[in-house]
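This report refers to the structure that appears directly beneath it.
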Amino acid sequence: MAVVQFSEEKLNKVKEIIARYPEGKQKSALIPVLHLAQESFGGWLSAETMDYVAELLQLKSIEVYEVATFYSMFNLKPVGKYLFEVCQTGPCMVNGSDNIIDYIKSTLGIEVGETTADGMFTLKAVECLGACGYAPMMQLGKHYREHLTPAKVDEIIAECRSKAN
Amino acid sequence: MGRKLLLENAHIEGIRYYDTYRKNGGYAAAEKALKSMGPEAVLEEVKKSGLRGRGGAGFPTGMKWSFIAKPEGVPRYLVCNADESEPGTFKDRYLMEFIPHLLIEGLLISSFTLGANACYIYIRGEYAWIPDILEQAIAEAKNNGWLGKNIQGTGFDLEIYVQRGAGAYICGEETALIESLEGKRGNPRIKPPFPAVKGLWQCPTVVNNVETLAAVVPIINYGADAYIGLGTGKSTGTKLISACGNINKPGVYEIEMNISVEEFIFSEEYCGGIKNGKRLKACIPGGSSVPVLPANLLLNTAKGEKRMMTYEGLAEGGFATGSMLGSGGFIVMDEDQCIVRNTLTFARFYHHESCGQCSPCREGTGWMEKVLKNIEYGKGKMSDIELLWDIQRKIEGNTICPLGDAAAWPVAAAIRHFRDEFEWHIKNPEEAQRRNFGLAHYADPLPVPAAV
């Protein structure tokens, strides 16, 4: 029996997602439901969570694992409360994304892929996020933060800290 | 000032919402298509317009539509490719974020033409705020009788659904996108069968890019002849270009396809010239997968003519002296940019994004990244240049999908046009590590083009 469990509201959302596809094609709901699971269960997908999703969609667990491990937006280990995903691809690099990554590393005292000791911030360097005209940039939650400078990074960190308190 | 078709109303406050969109001529094309034209006439108009797929490949849209199989009792699907993951490309985001009803109207007309009663917008997962905008527009369209059952009393039914991906560039390839939409890894399928015969859930399916589907609206509104009049040769109509890099005015521009590259980069109407008064060094004109061009070949073809911002113009001379319009992702580099470093970031991108199905792509992209990294960080050997050339040749054309080509071409073009820069890195490892590489080594620096 799985310990993870969607709320009633989220279960209704799952039903709504499945209804988008023809009967018997509920596997198509897998990626949207994994997004929902990641949002609901601490920002990452544990094996237990993936098993729960498999059970909900009547799939084998391996079908869920192979999808979750393919897509870069699914986190397979715990991440901080705030995930800084900084784009490092060509157009962002041309506009100084390397300096922004270095600045975040030194400000937070972590390397790329690490989480701060207080569990507040994780830093990831990611590939193109489609914001090339507004570079350098990062994704924070559902939104993009663009035209980054060290001062803007400071503001974002302060904003996250104040929200968390 | 160029004529705008897709962005003509983009400046109007509230154009994101149905009432404003409708007041400004929205859904007139859908009304015309559904009530007075019919599917055959719409298809003929789209074919006549010469519209080519705006996602990168540039395949004629009307022809693609005409391939759809029509077996009795089998549903057909339209899938809108909103995956937009090609580095340098961010134009579809603009359309979806600011003028969502233009896309909804285009989907309605296109689905009607194809006989599809369900349409899926597959959007890259990172654009996490845009599905809410699209879903609101879909709800508004439905409330006003443009979606759902018996649309505007015509007997046509259509539902549009939005599906988020989860971070995989390969899902921009149509068969990988279909696999992902079916809840699987985004592994491209071997073609044939083509999606038009066996696509989503093995049913006939057309996959078109956001900009392509939005362009159907002005084609129906103004007619194919007017659309053709805005372009030249095989490049008809207008094209959205997402311009970025070292320019004064990065952003999304709609161009008539009859202007020169020089005008696009240096005129105030578009990119406004190179930032900080620097000189133009190079440009990738159609998204990261297309060949980079040095300034002299970017502004003028090998024949000495002005290079045009058209499918044919950018390809002029083939890959030896030309490039591609691709997705319209226009990445401009100034004299301070290092081509080796730039090529390395793209090699890293393609290595990261390779789905891993085909050995040449899975292994080759990683190999190219490692060799480029060695050169960039002062550990390269002269033989590495030939090695890189050899690897890219062994990837190109030897994979199920075009990702292999997309990874190979930037490396080939960088070596072809900037071999001396690779050599300089190998001969001067310490200095290469210390500073970005500019134009200083050129005996005859490239001239700065006159502002237009």
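Side chains included, hydrogens not; waters and symmetry mates left out as well; all remaining heavy atoms used. Throughout, protein chains are lettered first and strands after them, A, B, ... in sequence-line order, and every chain is numbered starting at 1.
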Note to self: Nearest 0.5 Å, please: how far is CE in Met96(B) from OH in Tyr94(B)?
What the structure shows: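 With rounding to 0.5 Å, OH (Tyr94(B)) is 13.5 Å from CE (Met96(B)).
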Check: How many angstroms lie between atom CD of Glu86(B) and atom OG of Ser327(B), to the nearest 0.5 angstrom?
Finding: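 Those atoms lie 5.0 Å apart.
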Check: Measuring heavy-atom distances to chain B, does Leu129(A) have an atom under 4.5 Å in its side chain, in its backbone, in both, or in neither?
Finding: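 Both the backbone and the side chain of Leu129(A) come within 4.5 Å of chain B.
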Any idea which of [options] has the most non-hydrogen atom pairs under 4.5 angstrom with chain A?
options: Ser288(B), Gly88(B), Ala166(B); value: Ala166(B)
options: Glu84(B), Lys249(B), Arg93(B); value: Arg93(B)
options: Gly329(B), Ala168(B), Cys244(B); value: Cys244(B)
options: Gly245(B), Ser242(B), Gly251(B), Ala243(B); value: Gly245(B)
options: Gly186(B), Pro250(B), Ala118(B); value: Gly186(B)

At a 4.5 Å cut-off on heavy atoms, which part of [X] comes close to chain A: side chain, backbone, both, or neither?
X: Phe349(B); value: both
X: Thr89(B); value: backbone
X: Cys171(B); value: side chain
X: Glu159(B); value: neither
X: Thr343(B); value: neither
X: Asp92(B); value: neither
X: Lys275(B); value: side chain
X: Arg164(B); value: both
X: Ile170(B); value: side chain
X: Ser85(B); value: backbone

Next item on the list: Could you tell me whether Arg145(A) and Glu155(A) make a salt bridge, using a distance below 4.0 angstrom between a side-chain N and a carboxylate O?
Entry: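 No, this pair does not count.
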Notebook entry, point to check: Should the pair Lys13(A)-Glu39(A) be classified as a salt bridge under the 4.0 Å nitrogen-to-oxygen rule?
Noted result: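 Looking at Glu39(A) together with Lys13(A), the answer is no, because their closest N to O distance does not fall below 4.0 Å.
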Item checked: Criterion side chain to side chain contact (heavy atoms under 4.5 Å, CB included) against Ile123(B), the qualifying member of Val162(B), Val210(B), Asp83(B), Asn81(B) -> Val162(B)
Checklist line | Matching residue for Leu83(A) among Val126(A), Thr115(A), Asn75(A) - test: side chain to side chain contact (heavy atoms under 4.5 Å, CB included) | finding: Asn75(A)
Chain B interface, residue from [options] that has the most non-hydrogen pairs under 4.5 Å:
options: Pro32(A), Cys132(A), Ser72(A); value: Cys132(A)
options: Cys87(A), Gly133(A), Ala131(A); value: Gly133(A)
options: Gln88(A), His143(A), Gln139(A); value: Gln88(A)

Check: Taking atom types as modelled, is there a side-chain donor on Tyr21(A) or Gln163(B) under 3.5 Å from an acceptor on the other?
Finding: yes
Checklist line | Side-chain donor-acceptor contact under 3.5 Å, Glu127(A) with Thr89(A) | finding: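 Yes.
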Item checked: Check against salt bridge (charged side-chain N to carboxylate O under 4.0 Å, His left out), Glu179(B) and Lys184(B) -> CA-CA 5 Å; Glu179(B) 286 282 298; Lys184(B) 296 178 253 177; 3.5 Å; yes
Check: Side chains of Tyr169(B) and Cys128(A): closer than 4.5 Å at any heavy-atom pair?
Finding: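 Contact flag for Tyr169(B)/Cys128(A) side chains = no.
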Checklist line | Check: Asn117(B) side chain, Asp157(B) main-chain N or O, donor-acceptor pair, under 3.5 Å | finding: yes
Margin query: Ring-plane angle category for Tyr120(B) and Tyr77(B), please: parallel below 30°, perpendicular beyond 60°, tilted otherwise.
Written below: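 Plane angle between 30° and 60°, so tilted.
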